[in-house]
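Comments concern the structure below.
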Amino acid sequence: MTSSQPIFECRPDMMKCTLFITQQCNLACDYCYIGKKNATMPVPVARRILDCVFAGLKPDERLEIGFFGGEPLLEFGLVRKITALIHQHPSFDPGRVTISLVTNGTIMNNEILDFLRQKKIVLCVSCDGPPDVQDLHRHYRDGRGSSPAVENTLRQVLPVFPLLPVNAVYSQKTLARLPAIVEYLIALGVRNIFLSPDISSSWTR
């Protein structure tokens, strides 16, 4: 089953708004820059943000509204509620507005996947590469690697979102593995790969 989904775009006529809906996460990634708290965005706050964003949108401007965290799929119910607010907003135009969601890839099921497909939400999965690379930095709090769950998610999602963007963070420890990282993702069927340096690392020349 495939679907013609919208994709991430970088264009001068686009406003981007990121909704930081939760500071909770089920992983304890070594390079995470988000402080972990048991906090989520109240729906009234999301409504006020959307009102402000739509009010500031120019007539010839496009808009991308992104769900971010923490891990936003820990709050899937909140994602559903805010998506409904976006679609019901008087200024919502499906031809100009894209919704996106960035996930660590450890949480996925048919209900979530069907919702993302039906609402035409651009999904981005974070995966650093093959198991030895992924599990080096992206692990659960008890030290278990996240690679089995993330690879399973990629295999589940790619038939539905064939242009799925995958974000791979590389560190000083994994820099030399970049060719293997790309080869691994391509072998899984990924065609839209973002290679991002660990911004918290002190890179040498």
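For reference, positions follow the sequence shown, starting with 1. Please read these numbers as outputs of a predicted model, since none were measured by experiment.
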Hey, is the main chain of [Y] close enough, under 3.5 Å, to the side chain of [X] for a donor-acceptor pair?
| X | Y | answer |
| --- | --- | --- |
| Arg191 | Ile186 | yes |
| Glu61 | Lys58 | yes |
| Gln23 | Gly35 | yes |

Side chains of [X] and [Y]: closer than 4.5 Å at any heavy-atom pair?
| X | Y | answer |
| --- | --- | --- |
| Leu178 | Leu195 | yes |
| Gln24 | Asn38 | yes |
| Met108 | Leu154 | no |
| Leu116 | Phe161 | yes |
| Tyr140 | Ser146 | yes |
| Leu63 | Met14 | no |

Handout entry: Under the side chain to side chain donor-acceptor pair (under 3.5 Å) test, residues paired with Thr40 that sit two or more places apart
Key =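 If we apply the side chain to side chain donor-acceptor pair (under 3.5 Å) test to Thr40, skipping adjacent residues, there are no hits.
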
Handout entry: Candidate pair Asp128 and Thr174, rule side chain to side chain donor-acceptor pair (under 3.5 Å), full reasoning
Key = CA-CA 9 Å; Asp128 289 353; Thr174 61; over 6 Å; no

Problem - Residues forming a ring-ring contact (aromatic ring centres under 6.0 Å, His included) with His137, sequence neighbours excluded - result: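 Partners of His137 under the ring-ring contact (aromatic ring centres under 6.0 Å, His included) test: Tyr31.
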
With distance as the sole criterion, is a donor-acceptor pair present between the side chains of [X] and [Y] under 3.5 Å?
| X | Y | result |
| --- | --- | --- |
| Thr103 | Glu71 | yes |
| Gln172 | Ser201 | yes |
| Gln134 | Glu151 | no |
| Asn104 | Ser126 | no |

Handout entry: Candidate pair Phe68 and Leu101, rule side-chain contact (heavy atoms from CB on, under 4.5 Å), full reasoning
Key = CA-CA 6 Å; Phe68 195 69; Leu101 185 147; over 6 Å; no

Problem - Hydrophobic cluster (4.5 angstrom, side-chain heavy atoms) - remaining members for Leu136 - result: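 Listed partners: none, Leu136 stands alone.
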
Exercise for the section: Report yes if the distance between the aromatic ring centroids of Phe54 and Phe92 is under 6.0 Å, otherwise no. Expected result: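 Aromatic pair excluded; centres sit 6.0 Å or further apart.
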
